[in-house]
Structures are given as C-alpha cells and as structure tokens.
Amino acid sequence: MKLSQKALKAINNPATRRRLMDVLGCTEFTIARYIQKNSDNLTKATAMQVIRELTGLPDSEILEESITNTI
C-alpha cells in the first residue's frame with residue numbers, strides 16, 4: 001500500500017511533518033524523503049493515525065494499492 005497523491009500533498013507541510021517525526025522517531029529530512037518516495041513507512045499504524053487526524057481524509061482517500069509488474 002502507498003499513500004495517494006492527495007494524501008501526500010495534504011501531509012507535505014511543516015506541522016504534519018513534525019507530528020510524523022514524533023510518532024515515527026526520525027528526522028524531518030527522513031520524513032521529507034518518505035513523502036518524496038511515497039515510502040510504505042507512512043502507512044504504519046501510528047503514521048496513519050496522525051494522517052487521519054490532521055487531514056480528515058478517510059482511508060479510501062489516503063491509501064491506494066501499489067501495482068507491481070511480475071514479468
């Protein structure tokens with residue numbers, strides 16, 4: 001699972017990045033990298049709770065399935 005583009009845009013601000021830093025125990029640089037690369041670390045339960053609280057988005061608008069090719 002990955003975050004939707006809508007969710008990534010909604011969390012890419014200093015206040016939300018600080019909250020994510022606190023719950024994930026990492027630096028702001030790391031959070032910025034997670035957002036840039038759409039890391040699955042952003043879908044951890046603690047991060048998801050922060051994203052839900054701060055964006056007000058339902059899970060259906062926060063998450064999207066990642067599609068991988070198996071060729």
Side-chain angles (χ1 to χ4, degrees):
M1 296 297 250
K2 299 283 185 186
L3 295 186
S4 68
Q5 290 302 308
K6 182 176 185 176
L8 288 170
K9 287 178 185 172
I11 66 170
N12 197 11
N13 62 70
T16 305
R17 287 197 303 265
R18 279 192 294 277
R19 287 282 305 277
L20 290 169
M21 284 170 45
D22 291 342
V23 298
L24 294 176
C26 55
T27 66
E28 186 170 3
F29 177 79
T30 301
I31 296 296
R33 193 177 74 237
Y34 286 169
I35 292 169
Q36 181 182 16
K37 295 184 180 282
N38 199 356
S39 171
D40 60 359
N41 287 322
L42 294 171
T43 64
K44 290 183 178 181
T46 53
M48 286 295 295
Q49 185 60 38
V50 169
I51 293 168
R52 281 186 206 103
E53 286 175 15
L54 297 179
T55 65
L57 296 171
D59 285 357
S60 62
E61 291 184 35
I62 295 172
L63 296 171
E64 62 183 30
E65 289 198 36
S66 55
I67 301 169
T68 56
N69 292 332
T70 55
I71 298 175

Residue pair [X] / [Y], side-chain heavy-atom distance below 4.5 Å:
X: Leu3; Y: Met48; value: yes
X: Glu64; Y: Met1; value: no
X: Val23; Y: Lys44; value: no
X: Asp22; Y: Val50; value: no
X: Ile11; Y: Arg17; value: no

Please round to the nearest 0.5 Å and tell me the distance separating atom [atom1] of [X] and atom [atom2] of [Y].
X: Asp40; Y: Thr43; atom1: CG; atom2: OG1; value: 5.0 Å
X: Leu54; Y: Leu20; atom1: CG; atom2: CG; value: 7.5 Å
X: Lys2; Y: Ile62; atom1: NZ; atom2: CD1; value: 16.0 Å

Checklist entry - Taking only residues two or more places apart in sequence, or in another chain, which ones meet Lys6 in a salt bridge (Lys or Arg N to Asp or Glu O under 4.0 Å)? => result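 With neighbours one apart ignored, the set is Glu61.
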
Report, one line per pair, each donor and acceptor closer than 3.5 Å where one atom sits in a side chain of residues 29-37; sequence neighbours left out.
{"unit_1": "Thr30", "atom_1": "OG1", "unit_2": "Thr27", "atom_2": "OG1", "d": "3.0"}
{"unit_1": "Tyr34", "atom_1": "OH", "unit_2": "Asn41", "atom_2": "ND2", "d": "3.2"}

Checklist entry - Any idea which heavy atoms bring Ala47 and Leu42 closest together, and the distance? => result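 Minimum heavy-atom contact is CB-O, 3.5 Å.
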
